[in-house]
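We count ligands from 1, going down the list as the structure has it; atoms in each ligand are counted the same way. One-based numbering along the sequence shown. Hydrogens, waters and symmetry mates play no part in the numbers below; they use all other heavy atoms, side chains included. These numbers were taken from a predicted model, which means no experiment stands behind them.
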Amino acid sequence: MNPIQVGLLGIGTVGSGTFSVLKRNQAEIRRRAGRGIEITMVADLDLDRARTLVGPEVKVVNDARAVIANPDIDIVVELIGGYGIARQLVMEAIAAGKHVVTANKALLAVHGTEIFAAAHAKGVMVAFEAAVAGGIPIIKALREGLTANSIQWIAGIINGTTNFILSEMRAKGLDFASVLKEAQRLGYAEADPTFDIEGVDAAHKATIMSAIAFGIPVQFDKAYVEGITALSAQDIRYAEQLGYRIKLLGITKRSIDHKTGAVRGIELRVHPSLVPMKRLIANVEGAMNAVMVHGDAVGTTLYYGKGAGAEPTASAVIADLVDITRLHTADAAQRVPHLAFQPDAMSDLPVLPMSEIITSYYLRLRVADEAGVLAGVTGILAEAGISIDAMLQREADEVGAPDGDAQVAQTDLIILTHDTLEGTMNEVMARMQALPSVLQPIKRIRKEELA
Ligand code: HSE
């Protein structure tokens with residue numbers, strides 16, 4: 001049988017990785033797919049660079065639409081990124097009856113509903129293993145390997161840049177800004193790192209996993225997104241003293257009312273979280289990714305690997321190419337649905353607003369070191385029915401000389417709580433903040449036991 005023909009839109013880092021891995025492993029890939037897979041056309045604005053990368057046998061053009069219009073191309077691989085032209089090209093490729101492979105998490109998290117509906121109507125596949133956690137086959141695991149399970153929760157380190165920064169902050173005791181600068185110098189963080197450090201990239205990926213895990217539409221606009229820019233080395237140290245590491249987690253969870261057993265809705269959130277040091281995921285360092293998935297039958301599982309880079313991401317892109325090669329002649333109804341659940345069997349469970357989520361907390365209060373302060377703070381927690389899990393108070397001289405008024409010694413009071421409603425915690429924090437003995441804005445970091 002003739003090889004299946006693939007057209008690449010964009011040949012940057014991932015595109016060139018895909019080209020070289022496909023070439024290097026072509027014999028084995030053909031044995032697995034049952035048919036050769038060849039990149040025969042590439043569109044890129046930098047024609048000279050593209051030609052140098054792929055050699056004379058591959059047609060190189062600067063017009064992506066020429067790839068989509070080529071009747072010999074069966075699969076279009078979109079590696080342009082972003083929501084703009086990439087969205088138009090993906091929709092045009094689908095309309096032209098092409099299968100699509102994309103690594104574009106932003107596009108799918110925001111426009112996935114429209115894209116999957118168009119693909120379903122046209123009977124083509126849109127495959128996106130590379131969009132979440134790079135080389136880790138987490139989409140395959142969630143959609144197929146764990147299909148027997150009612151998924152309870154997912155928690156992942158799904159942004160390598162921020163995990164690298166947090167690892168460095170902890171190891172070197174440095175603050176965020178200086179580590180970011182160093183990460184940029186070393187090429188671990190982009191010149192404009194906003195999407196990574198503000199948690200947006202992780203939220204795109206968490207949104208996609210949430211849809212697949214719970215059979216809900218992709219709803220990036222409902223995700224709570226908080227990055228790592230406000231984290232201090234001091235909080236990392238205090239967390240460590242209490243047996244925790246701070247990680248930027250993408251979390252999605254089926255929220256259960258423990259009194260009635262009813263499902264309240266779906267939590268979808270990205271924020272720094274304290275994680276017990278004894279969990280494997282707490283020890284995932286540097287730019288590596290890891291995703292924990294808890295299913296009712298399987299229990300807790302953990303997937304670890306490189307979340308970015310040319311060949312790890314190519315590994316996921318090519319896995320999709322092989323899947324499509326195997327399945328493209330199959331009856332469309334027999335294929336694995338894009339979001340794991342059949343399109344007519346999606347759930348309308350709501351994504352909960354942040355005030356409705358339930359989690360536990362790390363609170364750091366800068367307080368006057370005088371009688372009655374602790375009682376005032378813990379009294380507010382007790383009145384709200386919030387149970388304290390652990391406490392740490394630094395001696396005043398351990399946290400340096402008192403700021404400002406030399407007559408009043410100050411200290412840091414760190415409180416870990418048990419689970420509570422975020423809305424209740426917001427009210428409690430406002431009451432604590434109003435105490436005259438609380439001298440600075442209270443620092444709140446959420447905590448996940450991941451048991
Ligand atoms: N910028 C991402 C990261 C990789 O730092 O993990 C691509 O999603």
Side chains of [X] and [Y]: do they bring a donor and an acceptor to under 3.5 Å?
X: T300; Y: H294; value: yes
X: E448; Y: T359; value: yes
X: Y361; Y: E422; value: yes

Report task. Indicate the ring-plane relationship of H204 and Y83, choosing parallel, tilted or perpendicular according to the 30° and 60° boundaries. Result ->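 The rings of H204 and Y83 stand perpendicular, inter-plane angle above 60°.
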Query raised in the report: Between D235 and S232, does a side-chain hydrogen bond (donor to acceptor under 3.5 Å, both in side chains) hold up when you go through it step by step?
Result: CA-CA 5 Å; D235 288 313; S232 69; 3.0 Å; yes
**Report entry** Within the 4.0 Å heavy-atom sphere of ligand 1, strictly under, residues
**Finding:**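 Those residues closer than 4.0 Å to ligand 1 by some heavy atom are K105, N159, G160, T161, D196, D201, K205, A308.
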For residues 47-58, tabulate all N or O donor-acceptor pairs below 3.5 Å that involve a side-chain atom, not counting sequence neighbours.
from	atom 1	to	atom 2	distance (Å)
R49	NH1	I11	O	2.6
T52	OG1	D48	O	2.7

